[in-house]
Amino acid sequence: MSTFGFTTDHQPTWCPGCGDFGIWTSVKNAMNAMELGPDDVFFAYGIGCHGNMYNWMKTYGFAGLHGRSLPVAQGVKLAHHTMPVLCITGDGDCIGEGGNHFIHAAKRNADITVLLFDNQVYGLTTGQASPTARPGLKTKSTPHGVVDMPLSPAALAITAGATFVARGFAGDGKGLSDLIVKAVRHKGFSLVDILQPCVTFNKDFGYPWYREHIYDLNSTGYMPDNRVKAFDKAMEWGEKLPVGVFFEEERPAHTDQYEMLKKDILVKQPVVVDVESMLHEFI
Ligand code: SF4
Ligand code: MG
């Protein structure tokens, strides 16, 4: 197996023990396992602690506005559809500010991989509750505990039409990098919802809690080929919490359906714009 250098001169500024470290390592291991180097992939980042990875992950990348990594990723994919495109996003960034983008990217089966760093809080702004926060979680914005129901990113993706939906755990490096490899190799919209301890602002859901409750769904005989059953599994959260691949199906990806993309990648095709006639429309 080849190894590639993804490291920049910047040192991570994440809190010691943050689950982001484990995810970062799994991402690099997954790239190495697929023999993808820094020049072979594109990463779009949102805003949040996850987004700081932009500074210490050496690949093509773009760090944009809060919640907008998915539109950037889809634009890049349209321009260069043979390049793997990944979104590094968080529960607030992706399901809060970017929720509508998430639903529609899944619906159109955009051929991108979403790695969702899911810690139930807005860590970068000191730990306010996010849309995935569990009822009862006390945060700066919910001092008496969260009262509303959480959104499940996996269940939302399954409902919206995603064709690969998985959940991983930041404390399981090998299991997580295997899921990332499967997600990137999948043709179409893929999500890995990653349970990520925020050791500073979410003490309720740390490594011990997850280790006690998670189980490997795919070692139970479960088959990830039924959207309704996958939804049920994605909503399971209690004494037992499943990780693994919930759902997978083949369906033409968004970029498979444009004739002009069959000729070549868009960035290599000549730009043919009839400026005169375009202007005429507005005169
Ligand atoms: Fe990680 Fe939480 Fe610290 Fe952000 S605030 S770096 S998510 S531990
Ligand atoms: Mg978060």
Side-chain angles (χ1 to χ4, degrees), residues 7-8 10-28 43-57 63-70 86-102 113-143 145-146 148-157 166-173 176 180 191-211 214 234 237 241 243:
T7 311
T8 69
H10 296 276
Q11 292 298 313
T13 52
W14 292 317
C15 307
C18 175
D20 290 358
F21 284 100
I23 303 174
W24 184 40
T25 302
S26 291
V27 169
K28 288 185 287 184
F43 283 65
Y45 297 83
I47 301 289
C49 294
H50 65 273
N52 291 345
M53 200 171 112
Y54 174 79
N55 296 300
W56 39 90
M57 185 76 185
L65 296 173
H66 206 0
R68 313 302 164 205
S69 65
L70 271 75
L86 291 91
C87 279
I88 303 294
T89 181
D91 40 291
D93 187 68
C94 188
I95 305 299
E97 283 73 10
N100 209 17
H101 299 306
F102 182 74
T113 296
V114 176
L115 303 183
L116 200 161
F117 293 37
D118 190 352
N119 56 18
Q120 306 181 31
V121 292
Y122 286 87
L124 192 67
T125 50
T126 70
Q128 297 78 10
S130 86
T132 64
R134 304 301 302 181
L137 184 70
K138 290 186 178 170
T139 71
K140 285 188 177 168
S141 59
T142 57
V146 170
D148 43 335
M149 287 294 294
L151 273 167
S152 160
L156 192 56
R167 184 188 288 143
F169 172 45
D172 172 17
L176 180 56
I180 294 170
L191 165 73
V192 185
D193 177 32
I194 306 170
L195 305 169
Q196 178 242 312
C198 169
V199 294
T200 302
F201 296 115
N202 184 350
K203 309 274 188 203
D204 288 10
F205 295 93
Y207 294 95
W209 190 93
Y210 283 121
R211 289 215 164 92
I214 58 174
W237 183 299
L241 176 58
V243 294

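Atoms within each ligand, like the ligands themselves, are counted from 1 in listed order.
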Donor-acceptor under 3.5 Å ([X] side chain, [Y] main chain):
X      : Y      : result
Arg167 : Ala234 : yes
Ser141 : Ala129 : yes
Tyr207 : Gly17  : yes
Asn119 : Pro197 : no
Trp14  : Cys49  : yes
Asp204 : Leu137 : no

Report, in ascending order of atom number, the atoms of ligand 1 lying under 4.0 Å from any heavy atom of Gln196.
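Atoms satisfying the 4.0 Å criterion: 7 (S).
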Can you classify the ring geometry of Tyr210 versus Phe169 as parallel (below 30°), tilted (30 to 60°) or perpendicular (above 60°)?
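Aromatic pair Tyr210/Phe169 classed tilted.
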May I ask you to list the protein N, O or S atoms found at less than 2.8 Å from the Mg ion (ligand 2)?
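Listed by chain and number, the atoms are Asp91 OD1, Asn119 OD1, Val121 O.
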What pairs meet the side-chain hydrogen bond (donor to acceptor under 3.5 Å, both in side chains) rule with one or both residues in residues 126-135, with sequence neighbours excluded?
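Applying side-chain hydrogen bond (donor to acceptor under 3.5 Å, both in side chains) to every pair that reaches into residues 126-135, excluding sequence neighbours, yields Asp91-Ser130, Asp118-Thr132, Thr125-Gln128, Thr126-Lys140, Ser130-Thr132.
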Sequence neighbours excluded, every pair satisfying side-chain hydrogen bond (donor to acceptor under 3.5 Å, both in side chains) that has a member inside residues 44-56:
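Of all non-adjacent pairs touching residues 44-56, none passes side-chain hydrogen bond (donor to acceptor under 3.5 Å, both in side chains).
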Determine whether any heavy atom of His50 lies closer than 4.0 Å to an atom of ligand 1.
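It does not, in that no heavy atom of His50 comes within the 4.0 Å cut-off of ligand 1.
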Calculate, to the nearest 0.5 Å, the distance between atoms OG and NE2 belonging to Ser69 and His101 respectively.
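So the gap between those two atoms works out to 9.0 Å.
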Listing residue and atom name, which protein N/O/S atoms are closer to atom 2 (Fe) of ligand 1 than 2.8 Å?
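N, O, S partners closer than 2.8 Å: Cys198 SG.
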